[in-house]
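Working notes for the structure below.
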Amino acid sequence: MHSALRKHYSAVVKDCVVSEEMNAIAFIVKEGEMGRAIGKGGSTIEKARHNFGSKQLYVVEDAADAKDFVVNLLRPVPISNLNIQEKNNEKTAIVSVDSRDRGAAIGRGGERIKMNRTLLMRRFGMDLKLVTKD
């Protein structure tokens, strides 16, 4: 599937998560290839949306560092603070965002934060906790 997507959409897809529960598909694209994944004027992502029908699409640029990956997951939501804590051999990325950006970070019905947790766990083996500040 990855090679077929690469050929058609020209960005290298490093991983793909399909969630029937959320009716969504998430693609992690190679670092530096987010622009190619989106396409000029959003043309590539629009083709993908057309091909995948009613599914919500998430496209995230990969990063070698967990903190950079979390920033990419939440983009374009500005992050005020980001810490990674380890407790009982479990890592958690704790992200602070402004209360005005909470809705954008969580997504409609919480789908975005659920998908982001799934991607972060799959890529770096850590959970994601969102906190807001006024």
Side-chain angles (χ1 to χ4, degrees):
M1 181 169 167
H2 295 291
S3 61
L5 287 170
R6 180 177 182 204
K7 182 178 178 184
H8 188 70
Y9 297 112
S10 71
V12 175
V13 176
K14 294 188 73 180
D15 199 1
C16 175
V17 174
V18 178
S19 172
E20 295 301 328
E21 174 190 344
M22 291 184 275
N23 194 35
I25 301 173
F27 298 100
I28 298 175
V29 297
K30 184 178 175 183
E31 284 182 78
E33 295 204 2
M34 189 64 157
R36 292 177 79 183
I38 294 169
K40 187 174 182 177
S43 62
T44 304
I45 197 73
E46 284 306 315
K47 287 178 196 172
R49 282 192 175 112
H50 175 75
N51 287 337
F52 290 107
S54 65
K55 296 211 182 289
Q56 177 70 33
L57 294 185
Y58 297 92
V59 180
V60 178
E61 187 171 334
D62 195 16
D65 178 75
K67 284 186 175 184
D68 291 338
F69 189 69
V70 171
V71 170
N72 291 346
L73 285 172
L74 291 171
R75 187 167 278 134
V77 174
I79 295 172
S80 346
N81 196 20
L82 170 57
N83 289 309
I84 295 179
Q85 295 182 349
E86 189 167 350
K87 189 180 202 179
N88 301 327
N89 290 328
E90 293 182 9
K91 291 183 182 179
T92 303
I94 301 171
V95 181
S96 299
V97 298
D98 192 279
S99 59
R100 295 175 305 213
D101 296 316
R102 180 178 169 80
I106 292 172
R108 186 177 299 144
E111 282 91 6
R112 182 174 184 197
I113 196 73
K114 287 178 195 172
M115 184 59 81
N116 287 345
R117 280 186 176 124
T118 299
L119 293 172
L120 186 59
M121 182 60 71
R122 187 167 166 135
R123 178 71 176 87
F124 287 97
M126 69 176 64
D127 196 11
L128 176 64
K129 182 179 180 184
L130 186 69
V131 294
T132 56
K133 64 175 207 157
D134 295 324

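The shown structure was predicted, so the numbers you read here are calculated from the model rather than taken from an experiment.
Here the side chain of Thr118 pairs a donor or acceptor atom with the backbone of Lys114 at under 3.5 angstrom.
The two atoms that bring Val29 and Ala37 nearest to each other are CG1-CB, 3.9 Å, heavy atoms only. When every heavy atom of Ser99 is checked against every heavy atom of Thr132, the shortest pair comes out as CA-CB, 4.1 Å. Listed here is the closest heavy atom pair of Glu61 and Gly32: OE2-N, 2.6 Å. Met34 and Val59 make their closest contact through CE-O, 3.0 Å (heavy atoms, listed as atom of the first residue, atom of the second, distance). Considering every non-hydrogen atom in both Ala105 and Val77, the closest pair reads N-CG2, 3.9 Å.
A heavy-atom distance below 4.5 Å is found between the side chains of Leu130 and Val97.
Salt bridge status for Lys133 with Asp98: absent, with no side-chain N to carboxylate O gap under 4.0 Å. Between Asp65 and Lys67, no side-chain nitrogen of the basic residue sits less than 4.0 Å from a carboxylate oxygen of the acidic one, so the salt-bridge criterion is not met. Salt bridge present: Arg122 and Asp15 bring a charged side-chain N and a carboxylate O closer than 4.0 Å. By the 4.0 Å N-to-carboxylate-O rule, Glu20 lies close enough to Lys55 to be salt-bridged with it. The residues Lys30 and Asp62 are annotated as not salt-bridged, no charged nitrogen and carboxylate oxygen being separated by less than 4.0 angstrom.
Each of Leu119, Val17, Leu74 was compared with Val60 under the side-chain contact (heavy atoms from CB on, under 4.5 Å) criterion, and only Leu119 meets it.
The environment of CZ in Arg102 is sparse: at most 12 heavy-atom neighbours from other residues, nucleotides or ligands sit within 6.0 Å.
Ring to ring, Phe124 and Phe69 are close: their centroids are under 6.0 angstrom apart.
Follow the hydrophobic side-chain contacts under 4.5 Å out from Ile94 and you never reach Ile113; the two are in separate clusters.
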